[in-house]
Amino acid sequence: MSKPGTLDLANSVGGTIAKEEVNNAVEKYEKYHCYYGGDEKERKANYADMVNKYFDLVTSFYEYGWGESFHFASRWKGESLKEGIKRQEHFIALQLCLKPGQKVLDVGCGIGGPLREIAQFSMTSITGLNNNEYQITRGKELNRKAGLDKICDYVKADFMKMPFPDNSFDAAYALEATCHAPDAVGCYKEIHRVLKPGQCFAAFEWCMTDSFDPNNEEHLNIKKEIELGNGLTDVRTRAQCLEALKQVGFEVMWDKDIGSNSPVQWYLPLDTSDFSLSSFRTTAVGRFVTRNMLMALEYVGLAPKGSQRVQAFLEKAADGLFAGGRKGIFTANYFFLVRKPQLDGSSRSTDE
């Protein structure tokens, strides 16, 4: 399926937000962040509003620049970004040992790119959990076009308060989504609750690495850029994620920063000094073209006022992600596989 063009982007900016309110929504979103007077406590207290505004504003930009799967992927030499993203989604399915007929939960599913790929690869039934109405509407349309609307569905809900009974799912996964939770323990606890005993949760998590220095001003500025541009209340450390998983009762099967030794690092598509036809829209030239086309479309009224401001903070996000990845203080590729223990308390060796 081809990516939407600039006019599609202009028509979709704002999601469910009325076009005349887009600029006000941008202002309110920006005020949640440190660069504009907000603080972490305020972001966590109002995380649902902040994250919803963020995804209403940026989803069309994500789809325009990245396609249907809103996540990064480390790659092998000669592998395209699209191929790397698909391989990472297949990797999740294989780690969870998904089988036909199983009931699977996608936590924070976006518009369902990974959901559709994993459902077709594993022949499982997948429920996508998302709290953003615009993304769900878009995801349902794409499911219908792919012929998956009979086996895959969406539930609009906060992943801090899932509307499912205990022990509902055979497996669960998240692809760079639970970083939006204001509290890792609360989010992981809900996932643990809805999983059947003995079943697994796999995720790629965004986090600061062990090289991050909270007393280093440059490191802190990079962290703030990532939070502002990506709708995050706070970027947790790898150790905090691992401790939260253990605290709610998960057994850690294995964990690793998958991208640390990759031949092609996950952040390279954000390198503005590189020119790539396959990732043209994320290059410096591609950014310039998009920025100026949005300026023109906003000027003639085809794009809502505030569109350029959304593009601006997404560029800041890309710069922060690239700098964090290159310096080794941030990763989008921290992977873990964890298991909810059997009711009898039996466990499986992490060496299996």
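By convention here, the first residue in the shown sequence is residue 1. Since the structure is predicted, the reported quantities are computational estimates derived from the model, not experimental observations.
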Distance in Å, Y267 OH paired with S262 OG, rounded so as to fall on 0.5 Å steps
9.5 Å

Under a 3.5 Å distance rule, please check whether S69 uses its side chain to pair with a backbone N or O of H71 as donor and acceptor.
no

Answer yes or no: is there an ion pair linking R144 with D149, defined by an N-O contact shorter than 4.0 Å?
no

Are any side-chain N or O atoms of Y29 and backbone N or O atoms of M50, one a donor and one an acceptor, separated by less than 3.5 Å?
no

Determine, using the 4.5 Å side-chain heavy-atom cutoff (strictly less than), whether W66 and V264 are members of one ILVMFWY cluster.
yes

What distance separates L242 CG from T237 OG1, expressed to the nearest 0.5 Å?
9.5 Å

Contact between E27 and R309 at the side-chain level, heavy atoms closer than 4.5 Å - yes or no?
yes

State plainly whether the residues E218 and K327 are in salt-bridge range, i.e. N to O under 4.0 Å.
yes

V155 and Y134: same hydrophobic cluster, using ILVMFWY side-chain contacts below 4.5 Å?
no

How far apart are the closest heavy atoms of A157 and P163, and which atoms are they?
CB-CD, 3.5 Å

Apply side chain to side chain contact (heavy atoms under 4.5 Å, CB included) to I85 and E117, showing your working.
CA-CA 10 Å; I85 285 173; E117 185 64 36; over 6 Å; no

Taking atom types as modelled and ignoring hydrogens, do the side chains of Q135 and T59 form a donor-acceptor contact shorter than 3.5 angstrom?
yes

I'd like to know if the side chain of S168 reaches the main chain of P165, judged simply by a donor and an acceptor atom lying under 3.5 Å from each other, with no hydrogens or angles considered.
yes

So CZ of F250 and NZ of K189: to nearest 0.5 Å the spacing works out to 12.5 Å

Looking at CD of E20 and NZ of K305, how far apart are the two atoms once the value is rounded to the nearest 0.5 Å?
12.5 Å

Any link between F336 and V185 through a network of hydrophobic side chains (Ile, Leu, Val, Met, Phe, Trp, Tyr) touching at under 4.5 Å?
yes

Could you walk me through whether E243 and Q247 satisfy the side-chain hydrogen bond (donor to acceptor under 3.5 Å, both in side chains) test, starting with their C-alpha distance in whole Å, then the side-chain angles of each, then the deciding distance to 0.1 Å, before giving a yes or no?
CA-CA 6 Å; E243 179 56 35; Q247 187 175 329; over 6 Å; no

Between T178 and V107, the two heavy atoms sitting closest are CG2-CG1, 4.0 Å

Minimum heavy-atom separation for K53 to D49, with atom names?
NZ-OD1, 2.7 Å

K340 side-chain N/O to L195 backbone N/O, donor-acceptor pair under 3.5 Å
yes

Can you see which heavy atom on H219 is nearest to which on S211, and at what distance?
CE1-O, 3.6 Å

Quick check: does any side chain N or O of K99 sit under 3.5 Å from a backbone N or O of C97, one acting as donor and the other as acceptor?
yes

Could you walk me through whether K224 and N221 pass the side chain to side chain contact (heavy atoms under 4.5 Å, CB included) test, one step at a time?
CA-CA 5 Å; K224 288 175 185 177; N221 282 333; 4.3 Å; yes

What one should report as the nearest heavy-atom pair of N167 and K196 is O-CG, 3.3 Å

Check whether any side-chain heavy atom of R87 sits under 4.5 Å from a side-chain heavy atom of F91, and report yes or no.
no

May I have the step-by-step check of salt bridge (Lys or Arg N to Asp or Glu O under 4.0 Å) for R193 and D166, ending in yes or no?
CA-CA 5 Å; R193 179 183 67 78; D166 295 356; 2.8 Å; yes

Closest approach of V235 and K223, non-hydrogen atoms and distance?
O-CE, 3.4 Å

Do you reckon L148 sits in the same ILVMFWY cluster as L105, going by side-chain contacts under 4.5 Å, direct or chained?
no

If only atom types and distance count, is the side chain of T209 paired as donor or acceptor with the main-chain N or O of G328 below 3.5 Å?
yes

Please check if the side chain of E79 supplies one atom and the backbone of W76 the other of a donor-acceptor pair under 3.5 Å.
yes

Pairwise distance CD(E83) to CZ(R75) - rounded to 0.5 angstrom
9.5 Å

Atom pair CD1 (I329) and CD1 (I222), whose distance is rounded to the nearest 0.5 Å:
4.0 Å

Any sub-3.5 Å donor-acceptor pair from N52's side-chain atoms to N131's backbone N or O?
yes

Please walk me through it: do N130 and Y154 pass side-chain hydrogen bond (donor to acceptor under 3.5 Å, both in side chains)?
CA-CA 7 Å; N130 193 325; Y154 298 90; over 6 Å; no

Under the side-chain contact (heavy atoms from CB on, under 4.5 Å) test against L115, which residue among D153, L142, N143 passes?
N143

Note: R238-E205 ion pair, threshold 4.0 Å (strictly below):
no

Check: G229 main-chain N/O paired with Y54 side-chain donor or acceptor under 3.5 Å
yes

Counting only heavy atoms from other residues, nucleotides and ligands, does the tally under 6.0 Å from NZ of K86 exceed 12?
no

Could you check whether any side-chain N or O of R116 sits under 3.5 Å from a backbone N or O of I111, counting only pairs where one atom can act as donor and the other as acceptor?
yes

Quickly, which of W254, W206, F72, F201 forms a ring-ring contact (aromatic ring centres under 6.0 Å, His included) with F335? Name it, please.
W254

Mind checking whether F212 and F330 have ring centres under 6.0 Å apart?
no

Does any non-hydrogen side-chain atom of V51 lie less than 4.5 Å from one of L232?
no

Shared ILVMFWY cluster between L337 and V104, side chains joined below 4.5 angstrom?
yes

Please lay out, stage by stage, how I191 and M162 fare under the test side chain to side chain contact (heavy atoms under 4.5 Å, CB included).
CA-CA 8 Å; I191 296 167; M162 296 188 191; 3.6 Å; yes

Take V338 and E251 through the test side chain to side chain contact (heavy atoms under 4.5 Å, CB included) and record every step on the way to the result.
CA-CA 5 Å; V338 296; E251 299 169 352; over 6 Å; no

Determine whether the aromatic ring centres of residues F159 and H180 are separated by less than 6.0 angstrom.
no

